[in-house]
Amino acid sequence: MQGKNVNNESQGNDTLRDLLPAYSLGLTDPEESALVESLLANSPEAAAEAAEYQAMAEALLTSAPQIAPPARAFTRLMQAAASPTMPTMPAASPRPGAMPTPAAPLPTTKKTVVTFSWRERLILVAAAAMFMLLFGFNLLALSRLDGLETRLEAQNDLLRLFANDSVVEFTLVDQRERRNEARAFVLCHPDERVGVIRVENFPVTEEAYQIWLWRGDEATAAGMLYVDADGSGTVVVEAPQAFRRYQYAAIEPRDPALQAQITGPLVRGRLYLGGI
Amino acid sequence: MGNDMQDEELLMRIEQQDQAALALLYERYSTPVYSLAYRILGSTELAEEAMQDTFMKVWRLSSRWDPAKGRFSSWLLTITRYTAIDLLRTEQRQATPEASGLDNVTPPADDTARPDDPLLHDGRMLRELMTRLPFEQSQAIQMAFFQGLTHRELAERLNLPLGTVKTRVRLGLQKLKSLWTETTETQESN
């Protein structure tokens, strides 16, 4: 038992030694970073060494040859700071044709007692049934219209995405040791929530692949993806927030047979790093 | 407003939307911010855009800086680095894909400006130390740091096995830290 602990400790030290330099400069993957952090918690010496590396990383930030920015940049910044961040909404104006506010109280109605013959009652019941039928059809049509509207919105989002010059394609690379064929491409815009993911050379399976978006330590499920007989597939994803909020994307198999071969995601890659 | 005002005080004023404080902060840090952005993007227009974006983030979100977690300059330059890397990816251009060293950027006219600035002293020293590393190690470190690449992305970009890339980065950083510690200790003893 004690020998096993010594082995674990020795493995942990080796991992820490290997990953600490890259971790300190922010070059490790989220899993590697989490592993280093857990090991650092029990090693004050390694934590001190990490601090030295981090001081070096700070110096690296100022290691570029120094160049003064153009004078116009200051004016531009001050103009941007002076402009309001959120444009104020104009006061709501009445819609054309909207009902005017009544200027005077409505005249009071007279109460009258109406009686119907059996023939008239029959017509009224038939009219009510017809009304209910039409109302039902109307509801059905509205729900279909709602579905169409959602699809139209998604198509509009996509059109807007493809029409935008700032659309970026990120590549997610194969995470398997000595394998390099699986690829995924994330097409997105930093300010949009809708993006497109295309995958190639994925292991063929009838099960879905799970798409994840990472923001800090928090992973968000962003939908599923199926691949065809060639291991290719494309899916439109709708992220909970704009893509600029996510630092990583990853895709992992849900097929238990594949999970046994692939630990963790099949492909992964960086998205946007900025945002504070 | 005094030029000797501490960063903490400037940030407090910026939180109150004091434009004079922002102007002072810009005067203090615009050169290192712009230089870092230019190092990453290799374009004056894009560097200007990244700098504008960085200062506007500070203007809107200055309260996010926590003095307990480090110096303001490090926080600001980290935001600059991430902002510029994001912009680099957006522009789909690789400013220095075959980066051979920090000096492949056009030599600026005023590189020797502010020789006594403590913020820039360490950076200048590190730039000099980087030249003492083997080319492959220096290249791997700089591509990873200034283009925001992970080990795997770096391996793909350099068309090398993952293990080779990890070793290059690790050995390079270990050597750089050793040189860094040695030089710092020598300077302190003098």
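Residue numbers begin at 1 in each chain, while the letters A, B, ... track the order of the sequences.
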Would you say that more than 12 heavy atoms from the other residues, nucleotides or ligands in this model lie under 6.0 Å from the CZ of A/R17, or not? yes
Which portion of A/L271 sits near chain B, non-hydrogen atoms under 4.5 angstrom: backbone
Could you measure the distance from the CZ atom of B/R170 to the CG atom of A/L20? Nearest 0.5 Å is fine. 11.5 Å
State, yes or no, whether a side-chain contact exists between A/Q66 and B/Y38 at a heavy-atom distance under 4.5 Å. no
Rounded to the nearest 0.5 angstrom, the CD1-CG distance for B/I141 and A/L60 is 8.0 Å
OG1 of B/T83 to OH of A/Y272: how many Å apart, nearest 0.5 Å? 13.0 Å
Minimal heavy-atom distance between B/L36 and A/L61, with the atoms involved, is CD1-O, 3.7 Å
On a heavy-atom basis, which atom in A/A73 and which in B/Q52 lie closest, and how many Å separate them? O-OE1, 4.2 Å
Which value, rounded to the nearest 0.5 Å, describes the distance between B/Q19 atom CD and A/L77 atom CG? 9.0 Å
With a 4.5 angstrom heavy-atom cut-off, which part of B/L77 approaches chain A: side chain, backbone, both or neither? both
Which distance, rounded to the nearest 0.5 Å, do you find between the CE of A/M78 and the CH2 of B/W59? 6.5 Å
For A/A55 and B/W180, the nearest pair of non-hydrogen atoms, with its separation, is O-CZ2, 4.3 Å
Chain A heavy atoms under 4.5 Å from B/F145: which part of the residue, side chain, backbone, both or neither? both
Run the salt bridge (Lys or Arg N to Asp or Glu O under 4.0 Å) check on A/E32 and B/R152 step by step: do they pass? CA-CA 12 Å; A/E32 289 175 330; B/R152 284 180 195 279; over 6 Å; no
Heavy atoms, side chains only, cut-off 4.5 Å: are A/R270 and B/I85 in contact? no
Is there a side-chain contact between A/P70 and B/E48 (heavy atoms, below 4.5 Å)? yes
Going by heavy atoms in the side chains, are B/K166 and A/D18 under 4.5 Å from each other? no
Per-residue contact mode, A/Y248 against chain B (heavy atom under 4.5 angstrom): side chain
Looking at every non-hydrogen atom in both residues, tell me the closest pair between B/R39 and A/A64 and how far apart they are. CB-CB, 3.6 Å
Taking atom types as modelled, find out whether B/S74 and A/E58 have a side-chain donor-acceptor pair closer than 3.5 angstrom. yes
Okay, B/S73 and chain A: the region with an atom under 4.5 Å from a heavy atom over there is neither
How close do A/P21 and B/Q174 get, heavy atom to heavy atom, and via which atoms? CG-CG, 4.2 Å
On a heavy-atom basis, the closest approach of B/Y34 and A/A68 is CE2-O, 3.8 Å
Hey, could you give me the CG/OH distance between B/L176 and A/Y53, rounded to the nearest 0.5 Å? 9.0 Å
Is the shortest side-chain heavy-atom distance between B/L126 and A/M56 below 4.5 Å? yes
